[in-house]
Amino acid sequence: MTRRRGGLRGWAAGRAKALSRLRFTSLRLRLVVVFALVALTAAVSASGIAYWLNREAVLTRTQDAVLRDFQQEMRNRAGTLPVHPTQDQLQHTAGQMANSSQRFSVLLVGQDADGRAVYGNSGGLSGFALEDVPRSLRTAVDKRQPLDAANKSPYHLYWQRVTEHGTPYLVAGTRIIGGGPTGYMLKSLEPEAKDLNSLAWSLGVATALALVGAALLAQAAATTVLKPVHRLGVAARRLGEGRLDTRLRVSGTDELADLSRTFNNAAEALEKRVADMAARDEASRRFVADMSHELRTPLTAITAVTEVLEEELEFEGGGIDPMIEPAVRLVVSETRRLNNLVENLMEVTRFDAGTARLVLDDVDIADQITACIDARAWLDAVELDADRGIHARLDPRRLDVILANLIGNALKHGGSPVRVSVRESAGETAGAAQIVIQVRDHGPGIPEDVLPHVFDRFYKASASRPRSEGSGLGLSIALNNAHIHGGDITAANSPEGGAVFTLRLPQDVSDLAAEPGADAGGDVRAKDGADGGSKGGAR
């Protein structure tokens, strides 16, 4: 069954490939069509000209021979008749004239001694008759022409081609000069028509063969031209996939070779530029990581001192001079803020370096959110809509970081009360259950121009508030923690007012945890890395 299904897939893929080659937008098809049209136009034009020239040559040769013979017979035989011949004389002479080498039908028209019209033809009573001669031709034959220096004869030989019942004929007529009968001739051109039809069929076959040959030549030319283009497309696709070492083999000196050289130069420049950027990015990340580690040691000592100063501030009757108490409180606050910034920077460097790890555990989502809210004394400001018993297998510490940033951001920049709701979802893939957590505040919402940047690092929506209690990394860290779980966070404005942040996480990320870079281990802390609700883009 599997082999049959694979065969069907292969047949379908081959059929789709063949159809894609035949689509009208295909350069191959357009080349073949253009070549075929050019060949068809040239062949039809050449065949038409050849047919016309041969037709005129054949008809003119036959016509001249027949007219010359008819004129000779009229002079030699009809010219010997008396001015007023009898019907028998006309009949006998017409029969003699018809027996000439050209074998045409003859009609002689004259007047007897009584002035009556008499006729004689070569075919008897059913032969060639005066009604078979076009009226225009009879008029031209009977018309007497004026004599002058250019015209020495009052009557001339006239001819005309006619078609009767699909058969072409040559009709001619003339009069005896000096008195005598008028003669008409009828010659069938059917043999010549058959010869011309045979010629037309031959030219049609030649045109069809030329068209087929042109299509084959076009296919060969298209293959020759499109092979480098296809290789260029494959190379460009590989380059777009990140394989920057892709190069084309260059051969020849034509335009396609120049195009291949240009591609290779562009790919080499791009590879060098990306390598330089990667080196600078790596150096920047290393600098941030080294700086963060170097700051932790003096910060540990400073934090210990500020904790002592804070205890002195809270102790009644302490030794802190009231004049310097505001400065001490400022030092304590800024030291705490600097400590959070360093921890956040270290967390960011872990994400950038790909060393962030998941430590998975079975978690009751409602209990986890309650613990997060309780640890930060937000119980009075947060409404929780979550049923107990919704379990998920994920990293509890990183979920706490996400929740702390989303809820803290809503409390700081939105409006109370903040509502947190939890529900289960089927997910986009069959069998992939998801946990959906929504954090909604009742503030003014997020400006539309800020929405695309709320998860950017250090983004500040208001230039008038460049400083805030947060570091501007909280939402970025929350988003990275969601991504490492295989989830996502989206931000939007509620139609009822306020901002809504939606967190979607797989209900079981065990498979993800088994992948490289996502196994258990690493630097794990209970609360470190949370920004305390700081926001990537202040509202």
Side-chain angles (χ1 to χ4, degrees), residues 8 10-67 134 159-171 187-237 248-263:
L8 289 175
W11 177 82
R15 184 170 178 268
K17 187 175 181 181
L19 289 177
S20 67
R21 287 182 177 179
L22 291 178
R23 66 183 187 274
F24 188 72
T25 56
S26 169
L27 183 58
R28 181 187 301 273
L29 180 59
R30 282 185 284 173
L31 282 174
V32 172
V33 169
V34 170
F35 266 75
L37 288 177
V38 171
L40 181 63
T41 303
V44 168
S45 300
S47 299
I49 294 172
Y51 177 79
W52 182 79
L53 291 176
N54 280 275
R55 178 179 180 275
E56 290 301 315
V58 169
L59 293 179
T60 301
R61 183 173 60 250
T62 302
Q63 174 181 293
D64 290 347
V66 171
L67 294 178
W159 59 269
Q160 186 175 348
R161 293 174 193 165
V162 296
T163 302
E164 292 290 339
H165 306 293
T167 302
Y169 293 93
L170 175 65
V171 183
K187 170 68 175 178
S188 174
L189 298 178
E190 186 174 5
E192 287 75 13
K194 289 182 178 180
D195 292 342
L196 292 175
N197 287 336
S198 299
L199 176 63
W201 274 104
S202 301
L203 293 175
V205 172
T207 300
L209 293 177
L211 183 61
V212 173
L216 295 177
L217 288 175
Q219 177 69 15
T223 301
T224 304
V225 172
L226 293 180
K227 268 187 178 179
V229 176
H230 176 69
R231 288 197 296 266
L232 180 62
V234 172
R237 190 158 48 249
L248 287 172
R249 180 171 56 85
V250 180
S251 59
T253 58
D254 56 7
E255 290 80 359
L256 291 174
D258 292 339
L259 182 60
S260 299
R261 293 189 190 92
T262 303
F263 176 85

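Since the model is a prediction, treat every value here as computed from it, not as a measurement.
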Nearest 0.5 angstrom please: Lys187 NZ to Thr62 OG1, how far? 8.0 Å

Value for CD (Gln63) from CD (Glu192), rounded to nearest 0.5 Å, stands at 10.5 Å

N/O donor to acceptor pairs below 3.5 angstrom from side-chain atoms of residues 164-171, sequence neighbours left out:
none

Kindly write out the residues that satisfy salt bridge (Lys or Arg N to Asp or Glu O under 4.0 Å) with Asp195, not counting sequence neighbours, or none if the list is empty. none

If you measure from CZ on Arg237 to CG on Leu232, what distance do you get to the nearest 0.5 Å? 10.5 Å

Report the residues that fulfil salt bridge (Lys or Arg N to Asp or Glu O under 4.0 Å) with Arg61, sequence neighbours left out, ordered by chain and then residue number. none

Considering non-hydrogen atoms only, spot the tightest contact between Arg231 and Leu248 and give its length. O-CD2, 3.6 Å

side-chain contact (heavy atoms from CB on, under 4.5 Å) for Thr207 and Leu211? Distances and angles first, verdict last. CA-CA 6 Å; Thr207 300; Leu211 183 61; 5.6 Å; no

Closest non-hydrogen atom pair between Ser47 and Leu203, with its separation: O-CD1, 3.3 Å

